[in-house]
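All values derive from a computational prediction rather than experimental measurement. Quick note on labels: first sequence line is chain A, next is B, and so on, each numbered from 1.
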Amino acid sequence: MSDGLVANVGTVTAMVAGRPYLNFPDDLYIPPEALEVFLATFEGPLDLLLYLIRKQNLDIVNIPIAQITKQYMVYIEVMSNFQFELAAEYLLMAALLAEIKSRMLLPKRISTEDDEEDPRAVLVRRLQEYERIKKAAEALDELPRMERDIFIATVDTSKVNVHKPKPEVQLQDIVSALQGVLRRVDQLSHHTITKEALSVRERMAAIMAKLEGSDSFLFARFFTHQEGRAGVVIAFLAILELSKAELIEILQAEPFGELRIRARLGIGNG
Amino acid sequence: MAEQSSVAVPQVNIKMKRIVEALLFAAEQPMSVAQLQAVFPELEMPERVVIEAAVDALCEDYKNQAIGLHQVASGYRFQVKTDMAPWVARLFAEKPPKYSRALLETIAIIAYQQPVTRGDIEEIRGVSVSSNMINTLLDREWIKVVAHKETPGRPALYATTAQFLDYFNLDSLAAMPPLQELQALALKGEMEI
Amino acid sequence: MAEQSSVAVPQVNIKMKRIVEALLFAAEQPMSVAQLQAVFPELEMPERVVIEAAVDALCEDYKNQAIGLHQVASGYRFQVKTDMAPWVARLFAEKPPKYSRALLETIAIIAYQQPVTRGDIEEIRGVSVSSNMINTLLDREWIKVVAHKETPGRPALYATTAQFLDYFNLDSLAAMPPLQELQALALKGEMEI
């Protein structure tokens, strides 16, 4: 997270925290996008609460619930004023804090005093649990690891004159590898995987192979009539797809002349 | 290690040491003592101690080299010594992957609290855990489903794998950095309400 | 080699020898002297003779080990010594090599999205694709270059081969299993529009 940004927002909250209103003085205005980034640096409400506690050097095992609730609410309100889509967990935490605070205001009943737990206890324990996992995650990140700090010593075995079997692969391995990719793609939705039938994909590759090293071919040369109607449709779709991908050009020398297909020439090196 | 071998452990067999060395370099994954033993024909299979003595001797042999024999969860592997890592990193144009806090926290919870359900992870982190995150960890073979909890919905119980430990250069879960102790609660009355 | 180095070649620099050793073990392909030099920052780049002296010293160091440093056409590479061949053969019989997940993803993308460039694969996978991976697939004759894309750099367009289909006993790509996820994803895409 950016230190500058955090410090900035921290100042604002400190100013605001003591006051019951949320109108920012002009000079302290933070663009909503910055707040969004700020919120995005937290892994959730527990992380935000921890930040508030640590920022003020408060003791986690004895947090002043009223104070911390007030600050938390300020953040939540600032966020919702800017109409951020706050994750439900943040609102749930706000409700929990409010509940704890109100329970602490109630006079304790003598008869149940012994078995009634301090309403803060559950929250404090969760904060402690979370903080130690957070620290453990940081420690894990510091451990030497493959790809960054650990490199395997490899040697060439091809010269020892033994037949090294090629790795065996099941078709299912390939399918599940692709499924793994698709799940990731799904997560990063800006990538798109097209869904052409594989027969079209296959034909696209065949057409490119045919064009490689040749000047051009007549459009009709790519239609294999022996394959029947389906074959023609597949070839036609493949040509359209390649044209869309700007891999080929469809040329016509004169109106109503025969169409020719050629590999597309690049602008820089055509 | 060398001193021990002159007392109880059989004499290091030079031929055995060379074979183990060749096997560990040729194998593309770490090899356990059992896997090393299994390479030998049944009738010639060396005892565990013989393999272990060879491994110890190899550790000693490579003490001053830029690479060394290292034990991780799934066995022994030769790897570049860490002081050489900055040079080796220069070989590769690609930056090593960085892991998000969410992923690190999730894998940390699974590693320290295993076996856990997705619900347990969500409870500790205070946010929902995406299926994608779990799938990424399953795909990397850092975690596996070890059982299903006998509660409604029979949620999967996840645990870390040997590959996870191998990746972080650890030989066992016990070698993970210790978790910080939980402090006792000291809740006093609220001063200002 | 050691004798030569005491005559004309500069004294072997221990640190240099360790760096070269680490690099040769970590690189997955032979490295030439020029490639080894290129790892160093421009101002610290050692002379050819310095690298060569380090290489000679390493050859000497590994004289009695089960692996040794050899010069091949494209550079230097540590190799298993030939007398270890029967053991290495037994290892591979026992523990057949496996392709990495990254390689399986790469071949899957080429199969389902062909013709594709390396850049396309990287875009879909979200991480870079090593030349090694492409070379492994080309060597196995599972993929081939069908054309070059007419964009800057003229990147190769890869497609699967007949051998790829034969290996999986398929008569055409259309016989590859359909992907439910693919359809689900396509549907989702349409709904967004």
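- The CD atom of Glu129(A) lies 5.5 Å from the CD atom of Gln113(B); values are rounded to the nearest 0.5 Å.
- In this structure, the separation between CD on Glu138(A) and CZ on Arg101(B) is 7.0 Å, given to the nearest 0.5 Å.
- Across all non-hydrogen atoms, the minimal contact from Ala85(B) to Phe151(A) is O-CE1, 3.8 Å.
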Next on the checklist: What verdict does the side-chain contact (heavy atoms from CB on, under 4.5 Å) test give for Leu140(A) and Ile107(B), after you've listed the backbone C-alpha separation in whole Å, the side-chain angles of each residue and the deciding distance to 0.1 Å?
Outcome noted: CA-CA 9 Å; Leu140(A) 190 65; Ile107(B) 187 72; 3.5 Å; yes
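- Residues Arg126(A) and Gly126(B) come closest through the heavy atom pair NH2-CA, 3.6 Å.
- Nearest heavy-atom pair across Asn169(B) and Pro144(A) is CB-O, 3.9 Å.
- If you measure heavy-atom distances from Asp47(A) to chain B, the contacts under 4.5 Å come from the side chain alone.
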Checklist entry - Under the side-chain contact (heavy atoms from CB on, under 4.5 Å) criterion, do Arg77(B) and Ile152(A) qualify, and how do the steps go? => result CA-CA 7 Å; Arg77(B) 69 183 177 203; Ile152(A) 305 303; 3.3 Å; yes
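- Between Pro45(A) and Val127(B) the shortest side-chain heavy-atom distance falls below 4.5 Å.
- Closest non-hydrogen pair, Pro97(B) versus Arg145(A), comes out as O-NH2, 3.3 Å.
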Next on the checklist: Go through it in stages, so that I can follow the logic: the residues are Arg132(A) and Leu182(B), the test is side-chain contact (heavy atoms from CB on, under 4.5 Å), and I'd like the CA-CA distance, side-chain angles, deciding distance and then a yes or no.
Outcome noted: CA-CA 8 Å; Arg132(A) 82 179 179 154; Leu182(B) 288 181; 3.7 Å; yes
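- Residues Tyr130(A) and Glu123(B) fail the side-chain proximity criterion, which asks for heavy atoms closer than 4.5 Å.
- The CD1 atom of Ile124(B) sits 5.5 Å away from atom CD1 of Ile133(A), with the distance rounded to the nearest 0.5 Å.
- Only the side chain of Phe164(B) comes within contact range of chain A, judged by heavy atoms closer than 4.5 Å.
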